[in-house]
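All heavy atoms count here, side chains included; hydrogens, waters and symmetry mates do not.
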Amino acid sequence: MTAPTFAIETHHLQKVYGDVVAVKDLSLQIEPGEVFGFLGPNGAGKTTAVKMLLGLITPTAGEGRLLGATLGDRLTRARIGFLPEHLRFHDWLTASEFLTFHASLYSMSPLQIKNRVQELLELVGLRPHANKALHAFSKGMLQRIGLAQALLNEPELVLLDEPTSGLDPVGRRLVRDIIRQLRERGATVFLNSHFLSEVEITCDRVAFIKNGEVVHAGVLKTLLDGAHRVEIRARNMTPEILSGLSRWSETVRMEGERIYLTVEVAASLAEINRYLVERGAEVFTLAPQQVSLEDLFIQIVGTDGGL
């Protein structure tokens, strides 16, 4: 079988519920073997987009392919792992019984199921709780068992919707390690997370979605290296001078004598300094700082809504 050009490919996917446009225009191309971060504020359409990719809901318009097959293809689903944001498990089952049941859906042999269940319980740190019923699990433990079920079939593509929700720092590191292992064996990971620090550590590329459409995408390292957060300490800053800084940055914030902005070209720093001095501002410091993914998120999607 010929390997697909893209692990995920969508063109102008749209989902409309009556008068509500949940996803307006989703176009993505995700390479096999990469870890891809999907970011946006609450209500931006992230979860609806994931459901369309998995064939759980039908797009109103547009088209897409997963692992070379059209969305919703039944045979392709056997090659995909999925951890939903809101877990709804059979909580009367033990951890071992739960994984055994889900493994049986992949038509594994009894020996394969036994070995795989034990392997995954060990991987997510739940081996001592194998015989405990899920209703006695904490939220973090449920998140771990959910991750284990997403990996039962050794998937080529894994979609993780808020995988570190409810996890402590040790649990979040565990998820990072598992994502690293998936990348090493060539699997593709589609990660939707509001923990931007986790995304910054694990992802190769990211896309920002706002109001149902992708507004920016690129290689994460390039995006972070290409932006420079600047802190300026100056006096005599009039509203007119402050407004003029918008020619270099879309986000300009002033706190007392300090002004914060983000520029894409380092060479702009000399221009900004000259602009301020020529207009009578007293500049004490003008210092570039390392840009975080949080800074970039606010710059691209704004502050009207959380993650």
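- The 12-atom threshold is not exceeded at CD of Glu294, counting heavy atoms of other residues, nucleotides or ligands nearer than 6.0 Å.
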Practice problem: Check the pair Asn192, Leu159 against side chain to side chain contact (heavy atoms under 4.5 Å, CB included), reporting the backbone distance first and the verdict last. | Solution: CA-CA 8 Å; Asn192 173 21; Leu159 290 93; over 6 Å; no
Practice problem: Starting from the C-alpha separation in whole Å, work towards a yes-or-no answer on salt bridge (Lys or Arg N to Asp or Glu O under 4.0 Å) for Arg116 and Glu119. | Solution: CA-CA 5 Å; Arg116 187 62 175 155; Glu119 178 184 345; 2.9 Å; yes
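- Note: Leu54 CG to Leu66 CG = 7.0 Å, rounded to the nearest 0.5 Å.
- Counting heavy atoms from C-beta outward, Glu282 and Glu257 have side chains that stay 4.5 Å or more apart.
- Heavy atoms only, all atoms of each residue included: Ile145 and Phe98 are closest at CG1-CD2, 3.8 Å.
- In this structure, the side chain of Lys114 does not engage the main chain of Thr100 through any donor-acceptor pair within 3.5 Å.
- Val158 is not connected to Leu105 by any chain of hydrophobic side-chain contacts under 4.5 Å among Ile, Leu, Val, Met, Phe, Trp and Tyr, and they are in different clusters.
- Once rounded to the nearest 0.5 Å, the distance linking OG1 of Thr202 with CG of Leu182 reads 11.0 Å.
- Rounded to the nearest 0.5 Å, atoms CD1 (Ile259) and CG (Leu286) are 9.0 Å apart.
- Between Leu157 and Ala7 the shortest heavy-atom distance is CD2-O, 4.3 Å.
- Smallest separation of non-hydrogen atoms from Asn153 and Ala78: ND2-O, 2.8 Å.
- Nearest approach of Val219 to Arg205, heavy atoms of both residues: CA-CG, 3.7 Å.
- Between Thr262 and Ile298 the shortest side-chain heavy-atom distance does not fall below 4.5 Å.
- Between the side chain of Ser249 and the backbone N or O of Val252 there is no donor-acceptor pair closer than 3.5 Å.
- Using a 4.5 Å heavy-atom cutoff, the side chains of Asn211 and Lys24 are not in contact.
- Using a 4.5 Å heavy-atom cutoff, the side chains of Ile300 and Leu39 are not in contact.
- Looking only at distances, a side-chain donor or acceptor of Gln143 sits under 3.5 Å from a matching main-chain atom of Glu162.
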Practice problem: Go through the steps to decide whether Val50 and Glu85 satisfy the test side chain to side chain contact (heavy atoms under 4.5 Å, CB included), and finish with yes or no. | Solution: CA-CA 10 Å; Val50 170; Glu85 178 182 8; over 6 Å; no
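- Within the 4.5 Å cutoff, the side chain of Phe297 has no heavy atoms near those of the Val199 side chain.
- Counting heavy atoms from C-beta on, the side chains of Val206 and Leu296 never come closer than 4.5 Å.
- Linking ILVMFWY residues whenever their side-chain heavy atoms come closer than 4.5 Å, directly or via other members, leaves Leu160 and Ile201 in distinct clusters.
- With hydrogens and angles disregarded, no donor-acceptor distance shorter than 3.5 Å links the side chain of Lys15 to the backbone of Val21.
- Looking only at atom types and distance, the side chain of His12 has no donor-acceptor partner in the side chain of Gln14 under 3.5 Å away.
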Self-check item: Steps toward side chain to side chain contact (heavy atoms under 4.5 Å, CB included) verdict (Tyr275, Leu245)
Solution: CA-CA 9 Å; Tyr275 163 83; Leu245 291 173; 4.0 Å; yes
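- For the atom pair CD1 of Ile113 and CD of Gln118, the computed distance is 12.5 Å after rounding to the nearest 0.5 Å.
- Val170 is linked by a side chain to side chain contact (heavy atoms under 4.5 Å, CB included) to Arg144, Asp168, counting only residues two or more places apart in sequence or in another chain.
- Following chains of ILVMFWY side-chain contacts shorter than 4.5 Å, one can reach Leu126 starting from Leu123, so the two form part of one hydrophobic cluster.
- The two residues Leu147 and Leu83 come nearest to each other via the heavy atoms N-CD1, 3.8 Å.
- Once rounded to the nearest 0.5 Å, the distance linking CD of Glu156 with OG1 of Thr76 reads 9.0 Å.
- The shortest distance between side-chain heavy atoms of Val230 and Trp248 does not fall below 4.5 Å.
- Checking side-chain atoms of Thr10 against main-chain N and O of Leu26 turns up a donor-acceptor pair under 3.5 Å.
- Counting non-hydrogen atoms of neighbouring residues, nucleotides and ligands closer than 6.0 angstrom, the CZ atom of Arg279 exceeds 12 such neighbours.
- Taking the six-membered ring where tryptophan is involved, the planes of Phe190 and Phe36 are essentially parallel, since the angle between them stays under 30° and well short of 60°.
- The hydrophobic cluster containing Phe82 does not contain Phe101, counting ILVMFWY residues as joined when their side-chain heavy atoms lie under 4.5 angstrom apart, directly or transitively.
- Counting heavy atoms from C-beta on, the side chains of Pro84 and Asp161 never come closer than 4.5 Å.
- Between the Thr60 side chain and the Val16 main chain, a donor and an acceptor come within less than 3.5 Å of each other.
- Counting non-hydrogen atoms of neighbouring residues, nucleotides and ligands closer than 6.0 angstrom, the CZ atom of Arg74 reaches no more than 12 such neighbours.
- Remark: Arg172 CZ to Leu167 CG distance equals 7.5 Å, nearest 0.5 Å.
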Quiz item: After noting the C-alpha distance and the side-chain angles of Val124 and Ile178, does the key distance pass the side chain to side chain contact (heavy atoms under 4.5 Å, CB included) rule?
Solution: CA-CA 9 Å; Val124 300; Ile178 289 174; 4.2 Å; yes
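- Heavy atoms only, all atoms of each residue included: Leu152 and Ala103 are closest at CD1-N, 3.7 Å.
- Using a 4.0 Å cut-off between a side-chain N of Lys or Arg and a carboxylate O of Asp or Glu, Arg65 and Glu9 do not qualify as a salt bridge.
- For the pair Glu34 (side chain) and Glu31 (backbone), a donor-acceptor distance under 3.5 Å is present.
- No chain of hydrophobic side-chain contacts below 4.5 Å, direct or via other Ile, Leu, Val, Met, Phe, Trp or Tyr residues, connects Val20 to Ile57.
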